[in-house]
**Q** 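Dropping a structure here in structure tokens format, bear with me for questions.
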Amino acid sequence: MQSTYSSLSDTALLEKLIGVRQTQKHYRGSLGSMFNTTQPERCVVARELVRRWLVEELQHGDTLNAPSVVRDYLRLHFAGREYESFVAIFLDAQHQMIVADELFRGTLTQTSVYPREVVKAALRANAAAVIFSHNHPSGVAEPSQSDQMLTDALKQALALVDVRVLDHFIVAGTSVLSFAEQGLL
């Protein structure tokens with residue numbers, strides 16, 4: 001379905017989103033007129049609508065059968081972040097999202113993650129499983145040795161309370177690397 005929309009013109013996409021009349025009223029041959037600096041709220045509103053739709057998809061479906069939805073959600077979550085942050089997506093026994101939580105926020109190049117706090121958050125959410133993610137503002141989605149060590153430590157800590165770690169994603173711009181797909185989990 002995504003490729004169907006990517007071939008549409010700006011006008012056709014806007015017509016589907018806001019209707020023909022509104023498009024004719026606002027569109028002036030460039031998306032800049034729709035999302036200029038005097039009306040940045042439209043971008044924020046559009047982004048929030050997409051985020052809410054992705055959350056609904058994750059809450060009502062099996063996240064293991066929808067890895068593209070998880071990737072899209074994470075890309076959107078980390079878009080424009082100039083600092084590293086660590087997110088946990090807590091899942092129930094059917095692998096539906098309970099909640100996504102930014103647990104830690106760091107600097108441009110690192111963030112500190114504490115396994116004890118991750119375990120507490122998983123227990124608070126009554127999670128059966130978890131998907132981790134963090135971003136690399138540098139734009140390089142390769143996992144570092146400390147990323148691998150952290151994932152292993154979190155996996156061991158959560159195993160003690162019967163919470164499975166299903167994946168760990170690294171988001172760098174539009175690139176998303178999955179530990180599970182790379183055989184690192």
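Note that the structure is a prediction, hence the values are computed from the model and not measured.
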**Q** Please list all pairs meeting side-chain hydrogen bond (donor to acceptor under 3.5 Å, both in side chains) that have one or both residues in residues 107-116, counting only residues at least two apart or in different chains.
**A** none
**Q** Side-chain donor-acceptor contacts of residues 97-106 below 3.5 Å, not counting sequence neighbours, with atom names and distances?
**A**
{"residue": "E102", "atom": "OE1", "partner": "R105", "partner atom": "NE", "Å": "3.3"}
{"residue": "E102", "atom": "OE1", "partner": "R105", "partner atom": "NH2", "Å": "2.9"}
{"residue": "E102", "atom": "OE2", "partner": "R81", "partner atom": "NH1", "Å": "2.9"}
{"residue": "E102", "atom": "OE2", "partner": "S85", "partner atom": "OG", "Å": "3.0"}
{"residue": "R105", "atom": "NH2", "partner": "Y83", "partner atom": "OH", "Å": "3.3"}

**Q** Taking only residues at least two apart or on different chains, which pairs with a member in residues 148-159 satisfy salt bridge (charged side-chain N to carboxylate O under 4.0 Å, His left out)?
**A** none
**Q** Please set out all donor-acceptor pairs under 3.5 angstrom arising from side-chain atoms of residues 174-185, sequence neighbours excluded.
**A**
{"residue": "S178", "atom": "OG", "partner": "D167", "partner atom": "OD1", "Å": "3.1"}
{"residue": "S178", "atom": "OG", "partner": "D167", "partner atom": "OD2", "Å": "2.6"}
{"residue": "S178", "atom": "OG", "partner": "A180", "partner atom": "N", "Å": "3.3"}
{"residue": "S178", "atom": "OG", "partner": "E181", "partner atom": "N", "Å": "3.1"}
{"residue": "E181", "atom": "OE1", "partner": "R71", "partner atom": "NH2", "Å": "2.8"}
{"residue": "E181", "atom": "OE2", "partner": "R71", "partner atom": "NH1", "Å": "3.4"}
{"residue": "E181", "atom": "OE2", "partner": "R71", "partner atom": "NH2", "Å": "3.4"}

**Q** For F78, what residues pass the ring pair (Phe, Tyr, Trp, His ring centres under 6.0 Å) criterion, not counting sequence neighbours?
**A**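 Residues passing ring pair (Phe, Tyr, Trp, His ring centres under 6.0 Å) with F78: none at all.
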**Q** I'd like to check the side-chain hydrogen bond (donor to acceptor under 3.5 Å, both in side chains) partners of E142; sequence neighbours left out, ordered by chain and number.
**A** none
**Q** Quick one about H77 and N135 (side-chain donor to acceptor, distance below 3.5 Å, no hydrogens or angles considered), yes or no?
**A**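 The answer is no; no qualifying pair exists.
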**Q** Going by side-chain contact (heavy atoms from CB on, under 4.5 Å), name the residues that satisfy it together with A172, two or more places apart in sequence or in a different chain.
**A** H136, A141
**Q** Test of understanding: with side-chain hydrogen bond (donor to acceptor under 3.5 Å, both in side chains), list the residues that count as partners of N126, not counting sequence neighbours.
**A**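 With neighbours one apart ignored, the set is empty.
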**Q** Can you list every salt bridge (charged side-chain N to carboxylate O under 4.0 Å, His left out) pair that touches residues 120-137, not counting sequence neighbours?
**A** E117-K120
**Q** Sort and list the pairs that fulfil salt bridge (charged side-chain N to carboxylate O under 4.0 Å, His left out) and have at least one residue in residues 126-141, not counting sequence neighbours.
**A** none
**Q** Once side-chain contact (heavy atoms from CB on, under 4.5 Å) is applied, do any residues pair with V119, and if so which ones, sequence neighbours excluded?
**A**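 V119 satisfies side-chain contact (heavy atoms from CB on, under 4.5 Å) with L123, A157, L158, V161 once adjacent residues are dropped.
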